[in-house]
Structure formats: structure tokens, C-alpha cells
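Working notes, beginning with the structure itself.
Bear in mind that the values here come from a model prediction, so they are computed numbers and not experimental data.
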Amino acid sequence: MKEKINNIKSPNLWFYLLSMACIMVQLLFVSHQFNKFIDPQWFSHTAISDKALLAINSFADAILLLTPLVLLPSKWRKWSWIVIWLVTMWCLAQFLYMPTYRDLMPLSSFFMTENMGDTLMTSIVGAIKPRILEVMLPPVLLYIIYRIWLKKPMEQVQQPAKRRLLLALLGIVAFVLIRLGVTAIHQGDNEEPTTFTQQFTNDYCVMWTRQGNYMNLNGAVPYVIYGGITSIFDTKALSEEEKGQVEQFIELQPHYTDNRYASAQGKNVILLVVESLNAWAVNMQIDGRDVAPTLKLLCNDSTCLVSLAMKSQVKNGRSSDGIFMYNTGLLPLNTKVVANSYGDASYPTLCSALGNYDSFYACCDQPSLWNVKNMAKTYGYSSFYCKDEINDAIKQNNYLLDKTLLEEVTQIIPTRKQPFIALVATAGMHHPFNEVMVPTTWIMNSGAYTKEVRCYLERVNAFDTALANFLTQLKAQGIYDNTMLVIVSDHNEIVDDAPNGRPSIDKEGDDCVMLIINSGQGGRIAGPIGQIDIYPTLLDLLGLNGQSWKGLGFSVLRNNITSVAIAPTISAGNDPLISRQQEAWRISDLIITSRWFDSK
């Protein structure tokens with residue numbers, strides 16, 4: 001038996017073919033998982049030809065990735081396992097990333113070691129599902145076959161260097177030819193005319209709504225290469241044409257200077273950015289009992305300015321993107337996280353517009369998470385309070401983050417000079433929703449919906465209770481009446497209603513909350529708006545229209561907004577502004593990547 005094992009014919013060919021099958025299966029699993037997140041029924045109604053192109057892409061990727069196996073001499077060939085395990089780790093990272101972000105993980109995010117902390121690790125653990133076996137099983141089986149049957153025969157086979165080089169070159173040529181062929185097919189299918197180069201190199205945010213779509217079209221290797229190139233070149237020098245486009249776009253933004261809506265001028269400002277607050281949860285009832293009675297009461301108050309149809313526009317930075325939009329009036333990037341890649345750039349901000357206001361930023365995050373401490377400084381907040389300062393209080397409150405944070409803020413406020421602006425970012429409703437809070441509430445005991453939905457609603461209820469106590473404390477301190485409180489979601493969460501059983505109040509699940517209290521303006525904004533519209537609205541309410549920069553959105557007080565560009569090519573609503581709202585994504589990208597305001 002041992003002799004037969006050691007005399008397997010063409011062991012290198014067998015290992016090459018099995019390795020190719022392993023990588024192809026892994027990459028196809030990633031593509032399948034991404035497409036299923038975007039469209040749960042994609043496999044049933046996608047044409048066989050499109051599925052075949054995905055397989056061809058993974059075949060081409062496998063050929064190129066296995067070049068070291070072909071090129072290395074027999075004594076070094078074991079190092080080709082590095083490629084196989086790197087592919088496995090990359091695929092595993094995508095499986096853990098996609099449930100939260102509904103997209104592939106950009107290359108730049110792999111190097112955000114400063115984000116490693118309790119919050120991220122909890123999210124990673126919560127994202128681990130049995131489906132990761134789809135990624136891990138192929139290389140494990142390959143390794144078993146290699147160790148038992150192929151390792152020794154492969155070591156005994158010697159191939160001339162010229163032959164190895166020729167085979168490697170043939171593999172590279174095959175990869176190039178396949179890529180050019182598939183790219184030509186997609187170019188022909190594209191509704192908008194594009195050159196061959198544009199089909200291959202246009203930025204994700206122009207041609208593709210999500211980064212996963214780039215992999216669908218061009219394969220994993222081109223996706224990683226292109227992502228690497230865009231990550232390396234942080235600062236983009238604009239051409240004269242691009243400079244003109246940015247200047248013209250800004251010039252065509254509203255330039256009103258009157259203060260007819262400045263009913264909150266001179267008031268304190270508390271910008272409460274709430275983690276994962278879905279609009280559908282505000283009016284939710286279980287067994288006839290309100291999940292969020294405080295929020296519901298405020299949203300039904302005619303003196304409050306309310307939108308329960310604010311669309312989430314965050315990208316890979318998630319919470320940090322939401323905070324970035326609210327503070328600068330700029331849209332996030334599609335390929336990078338602004339807070340990590342451009343956190344040291346200059347931006348016009350709410351703090352700078354308010355001038356001599358005292359300011360502080362309070363959160364439950366570690367200072368390094370999403371570069372939050374440095375971003376607080378970039379936004380102009382003079383003081384920063386984070387998890388380090390309130391860690392003992394968190395433990396005393398049995399790890400109820402929102403309760404602890406809001407209680408700490410009520411202790412900070414009396415020490416600040418008025419008027420002040422405070423940015424408060426909660427974390428209690430952070431993904432994953434796979435375990436109950438302590439103590440378990442009546443929501444979990446109800447048995448309604450799925451456990452995941454109950455866990456989420458339980459946290460909504462905990463925040464709502466903490467909010468009620470927060471408002472009571474502000475009133476007791478005599479702060480409430482002279483303070484404009486802005487409650488906004490950082491982004492949406494639990495977007496798919498069918499798999500987790502949540503009620504279809506908002507089928508797409510992308511509606512967020514905007515609730516402005518004590519602004520002197522009231523009413524319900526019926527049509528969809530974007531997170532980008534909050535910045536100009538706040539300037540309007542605070543009498544800051546003398547600012548030349550009003551952001552890339554529109555004040556909801558000045559415009560009957562009925563549309564929003566959720567992404568460069570995805571819109572909601574129907575309004576003549578749609579084309580301009582979509583163009584704002586490209587303009588914002590140019591502004592950020594060129595560090596436009598550094599020289600202003």
C-alpha cells in the first residue's frame with residue numbers, strides 16, 4: 001500500500017487540480033453568499049450564463065493564485081500552502097463581514113488593527129455561523145489528501161526550471177485572456193457606453209453599487225488588486241476638469257443667507273447619534289405594549305420635527321460614516337473608511353460653524369475604534385469622553401451601555417459652559433443580536449418573532465428607558481428648555497424581514513430616525529430624506545446660514561424633499577433632485593480624497 005501511495009502518477013497535476021477545485025469552491029461560496037444577501041432569490045432567477053461567468057471568474061482566479069505552485073521547485077512547493085490558507089482567511093473574513101455590511105470587506109479594512117477591541121470581537125463572534133464550514137471544509141479535506149497521498153510523491157518529482165517557468169507563463173496568459181474575454185462580455189451587456197478600460201478600472205462608487213458587484217463582474221483577484229491600488233493612493237490630485245466640477249457643484253448648492261427658520265439660535269445642542277435605531281421599531285408593539293413609548297410619544301408630538309423615512313447612506317465605516325455625515329455634510333466613501341484614511345484632513349463642521357460654543361464628544365467606544373478620538377478632534381470637539389472614563393460605571397450598571405452613557409452625560413453637562421454642543425454616540429444596540437441583555441425583559445419572555453428580533457427590540461426598549469431618564473434629568477437641571485436635542489440613527493440594522501421573522505413595517509428595513517426636539521419647528525417630513533440632509537437642516541435651525549458651506553444635502557425646512565440617493569446608483573422617492581443627489585456621491589469622493597478643504 002505504501003509503495004502504491006509513493007508511486008501515484010502525476011502527483012503534481014493531481015494536487016494542482018484539487019487545489020484549483022478548492023479555491024474555486026471557496027470563491028464561489030463567497031459570491032453566492034454576497035448575492036444571497038443582496039437578493040435572497042438570486043439563484044433561482046439568475047440566468048445560467050451569468051452563473052457560468054461567476055464560475056469562469058473563479059477559474060481564472062484559481063489559475064493565477066496557483067502560479068507559485070507551478071513555479072516553485074519540488075523542495076519549496078510546500079510553501080504554496082500559504083496561498084491556499086491566505087485565500088481561506090480572506091473568504092472567512094468575507095463570511096464574517098457580510099452579515100453586517102451586506103458587502104465585501106475592502107482591502108483597507110484588513111489593516112485597521114486599531115479597531116480590534118471588545119465591540120468588534122463581539123460582532124465577529126456573533127457573526128460565526130455553521131456556513132463558515134463551506135469555506136473551511138475544502139482546504140481541510142485538501143490538506144488531508146495531501147498529507148496522506150500526495151506529499152511524498154510530489155517531493156520526489158523534479159521538474160526543469162524552464163518547464164516550470166513556461167507553465168507559469170501559460171497560466172498567466174490564460175488568466176489574462178479569460179479576464180479580457182469576460183470583461184468584453186460585460187462591456188457589451190452594459191446599458192451605458194463605456195470604454196474597455198473603464199469597464200475594468202472605474203471606481204466602485206461610479207459603476208458599481210457595492211464592492212461585491214465588482215467581484216461578480218471581474219473576479220476576486222482583480223477586486224483585491226484594484227482595492228489595493230485605491231488603498232495605497234490616499235490623496236488624489238484633481239485634474240482641472242475635476243476641480244471645475246467640484247466648484248460648479250458647490251456653487252449650485254442653495255446659497256440662502258436668511259434666518260427665517262433660526263428658531264433654535266443660541267440654544268445648546270445635543271446631537272444624540274443612536275446605534276442601529278430602525279424607524280420600524282419606534283411604533284412597535286408586543287402584546288399591546290409599546291416597545292419604545294418615549295420615542296413614540298416624541299414622534300407624535302407636533303412640536304417636534306420628525307422623519308421616520310430617513311434612508312441610511314453609510315458605507316464601510318457604518319457608525320463612523322453616520323457621524324461623519326452629521327458633522328460635515330459630506331457623504332462617506334465606498335472603498336475606504338473616511339475616519340481611518342482621511343481622519344487628519346480638514347473639514348467644515350458643526351463645531352466650527354458654531355464658533356465660540358463649548359463642545360464635548362461622549363461615547364462607549366475605545367479611543368482607537370474607527371479612530372474615534374482623533375475624529376472628535378477633527379470635528380472640533382474640545383473634550384472627549386470614552387469607554388476608558390466610564391468603564392467602572394458600565395460594570396456597576398450591569399453593562400447597560402446606553403443607561404450608563406446617558407447618566408454620565410448628565411454629570412458632564414453641569415461642568416460645561418453654555419451654550420455647548422455635545423455629540424453623544426450610543427452603543428447599546430450594536431450587532432450582534434444573538435444574546436439577551438441582563439436582566440431579561442418582558443420582550444424576550446413574550447416569545448414574539450425570532451430570538452434575534454426580540455434581542456434587538458429588547459435593546460431598543462432599554463435605550464428608550466434610558467432616554468426617558470435622560471430627558472427627566474435635563475429638565476431637573478434646568479437645561480432642557482434651552483437645549484435642542486437631535487436624535488438620529490447612525491444607520492439601519494436587521495434589514496431582511498423574511499429570514500428573521502420581524503414584522504414587515506418597513507420591507508426594505510433601511511428607514512432610520514430623525515427626531516429634533518425643542519427646535520421651535522415641528523411637523524412630520526413625509527417623503528424620504530437622507531442622512532446627508534441633517535447637516536444643512538441643523539445650520540438652518542441654528543441661524544448659521546452665513547456659512548458658505550452648507551453640505552451636499554438640502555435643508556428639510558427649505559425644500560420639499562421627496563427623494564434620496566441611498567448610493568451612487570440606488571435612489572428612493574421621486575424628485576427632480578435625484579440626478580443631483582446621485583452626482584453628490586462622486587463630488588463628495590473628489591472632495592475627500594483630494595483633501596479639498598486643507599487648502600481652504
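For Arg77, there are no salt bridge (charged side-chain N to carboxylate O under 4.0 Å, His left out) partners at least two apart in sequence or on another chain. Looking at residues two or more places apart in sequence or on another chain, you find a ring-ring contact (aromatic ring centres under 6.0 Å, His included) between Tyr143 and Trp81. With sequence neighbours excluded, the residues satisfying ring-ring contact (aromatic ring centres under 6.0 Å, His included) with Trp42 are His32. With sequence neighbours excluded, no residue forms a ring-ring contact (aromatic ring centres under 6.0 Å, His included) with Tyr326. Shown here are the salt bridge (charged side-chain N to carboxylate O under 4.0 Å, His left out) partners of Lys36, two or more places apart in sequence or in another chain: there are none.
Residues Val314 and Met325 have side chains in contact (heavy-atom distance under 4.5 Å, counting atoms from C-beta outward). In this structure, Phe95 and Val30 have side chains that are in contact, with non-hydrogen atoms separated by less than 4.5 Å. Between Leu71 and Leu165, some side-chain heavy-atom pair lies under the 4.5 Å cut-off.
A perpendicular orientation is assigned to the rings of Tyr456 and Phe433, their planes being inclined by more than 60° (bins at 30° and 60°).
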Derivation and outcome, side-chain contact (heavy atoms from CB on, under 4.5 Å), residues Asn492 and Cys512 | CA-CA 6 Å; Asn492 59 329; Cys512 294; 4.0 Å; yes
Verdict with supporting geometry, Val157 and Ser74, side-chain contact (heavy atoms from CB on, under 4.5 Å) | CA-CA 7 Å; Val157 176; Ser74 57; 5.9 Å; no
List the steps, then state whether side-chain contact (heavy atoms from CB on, under 4.5 Å) holds for Val338 with Leu330.
-> CA-CA 10 Å; Val338 177; Leu330 286 163; over 6 Å; no
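One finds the CG atom of Leu331 at 11.0 Å from the CD1 atom of Ile587 (value rounded to the nearest 0.5 Å).
Using modelled atom types, one side-chain atom of Trp585 and one backbone atom of Ala565 make a donor-acceptor pair closer than 3.5 Å. Side chain of Gln313 to main chain of Ile532: a donor-acceptor pair is present (N/O by atom type, distance under 3.5 Å, no hydrogens or angles).
Contacts classified as salt bridge (charged side-chain N to carboxylate O under 4.0 Å, His left out) and involving residues 153-162 (residues at least two apart or in different chains) are given here: Lys151-Glu155.
The residues Arg595 and Asp344 are annotated as salt-bridged, a charged nitrogen and a carboxylate oxygen being separated by less than 4.0 angstrom.
For Leu142 against Cys22, the heavy-atom pair with the smallest separation is CD2-CB, 4.1 Å.
Heavy atoms from other residues, nucleotides or ligands lying under 6.0 Å from CH2 of Trp79 number 12 at most.
Residue Val488 is tested with Val273, Ile323, Val513, Leu277 for a side-chain contact (heavy atoms from CB on, under 4.5 Å); the sole match is Val273.
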